[in-house]
Amino acid sequence: MESKYHALKERAWAANMEIPRRGLAIYTFGNVSALDARAGVFAIKPSGVPYEQLQVEHMVVVDLEGRIVEGTLRPSSDTRTHLVLYRNLKGVGGIVHTHSTYATGWAQAHLPIPIYGTTHADHLAEDVPCTEVMSAEAVERDYEMETGQQILECFRHRDPLHTPMVLVAGHAPFAWGETPEKAVYNAAVLEELAKMAFITRGIHPEAARLPDRLVRKHFERKHGPRAYYGQK
Ligand SMILES: O=C(CO)[C@@H](O)[C@@H](O)COP(=O)(O)O
């Protein structure tokens, strides 16, 4: 008999299949989840399953208490990070974690991605934030939950739906969106912005950020007039 979560699992599976298709991860690096807010569950990629072997029935369904509701495989090792974000970021329907090369490079350097140009401003009106480096105590407590808390700390004064991405210092990027498809789109945009910024800084180490007036112009052209620019 078909699972009552088949549609959710299929949507999460399809979003995961976009990750290697967009060159955002190899083998098992990363994971995508999709939320069914009404049912109070999300479907997430199982841990350690290579994308090319992934099937819809492999997807694991987890409730917002972190309990496995359906699935025979172990959910992604990042499940508790997804859980923290779903519980606290209202309006988020899909979350992506990858180890995409350039964004991971900036995360490993513990640096936000500066807004150097209009390509960046078309998507965000601020630097891509990077979390603080996690303390040894937090690592020992619960690395995945603490990673989620570190991300929330970055968004204490930011609107997560206007800056739907973050670099986890020493680790790699997370991105999200109102839908899993939008979350994958944001993860792909993040990687492209990271690559462009890396090249810009390589050409000119002292490259200047885009002036605010141009940031505002490009962000408004895409998103309409807003009272904020990444800030709550
Ligand atoms: O970030 C990491 C490891 O650093 C994980 O996302 C990556 O290895 C994928 O793990 P899962 O296969 O989802 O458990």
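Please read all numbers here as calculations on a predicted model, not as lab measurements. Note that ligands are numbered from 1 as they come in the structure, with each ligand's atoms numbered from 1 the same way.
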Write down, by chain and number, every protein residue that brings a non-hydrogen atom to less than 4.0 Å from an atom of ligand 1.
Thr28, Gly30, Asn31, Ser47, Gly48, Ser76, Ser77, Asp78, His97, His99, His171
Taking all heavy atoms of His82 and all of Val32, pick out the closest pair and write down the distance.
CE1-C, 4.3 Å
side-chain hydrogen bond (donor to acceptor under 3.5 Å, both in side chains) contacts touching residues 83-92 (sequence neighbours left out)
Ser33-Tyr86
Could you walk me through whether Thr131 and Gln150 pass the side chain to side chain donor-acceptor pair (under 3.5 Å) check?
CA-CA 6 Å; Thr131 67; Gln150 294 261 40; 5.0 Å; no
Looking only at heavy atoms, the pair that brings Pro112 and Leu167 closest together is CA-CD1, 4.5 Å
Check step by step if salt bridge (charged side-chain N to carboxylate O under 4.0 Å, His left out) holds for Lys195 and Glu192.
CA-CA 5 Å; Lys195 186 175 181 179; Glu192 194 63 15; 5.2 Å; no
Taking atom types as modelled and ignoring hydrogens, do the side chains of Tyr143 and His171 form a donor-acceptor contact shorter than 3.5 angstrom?
yes
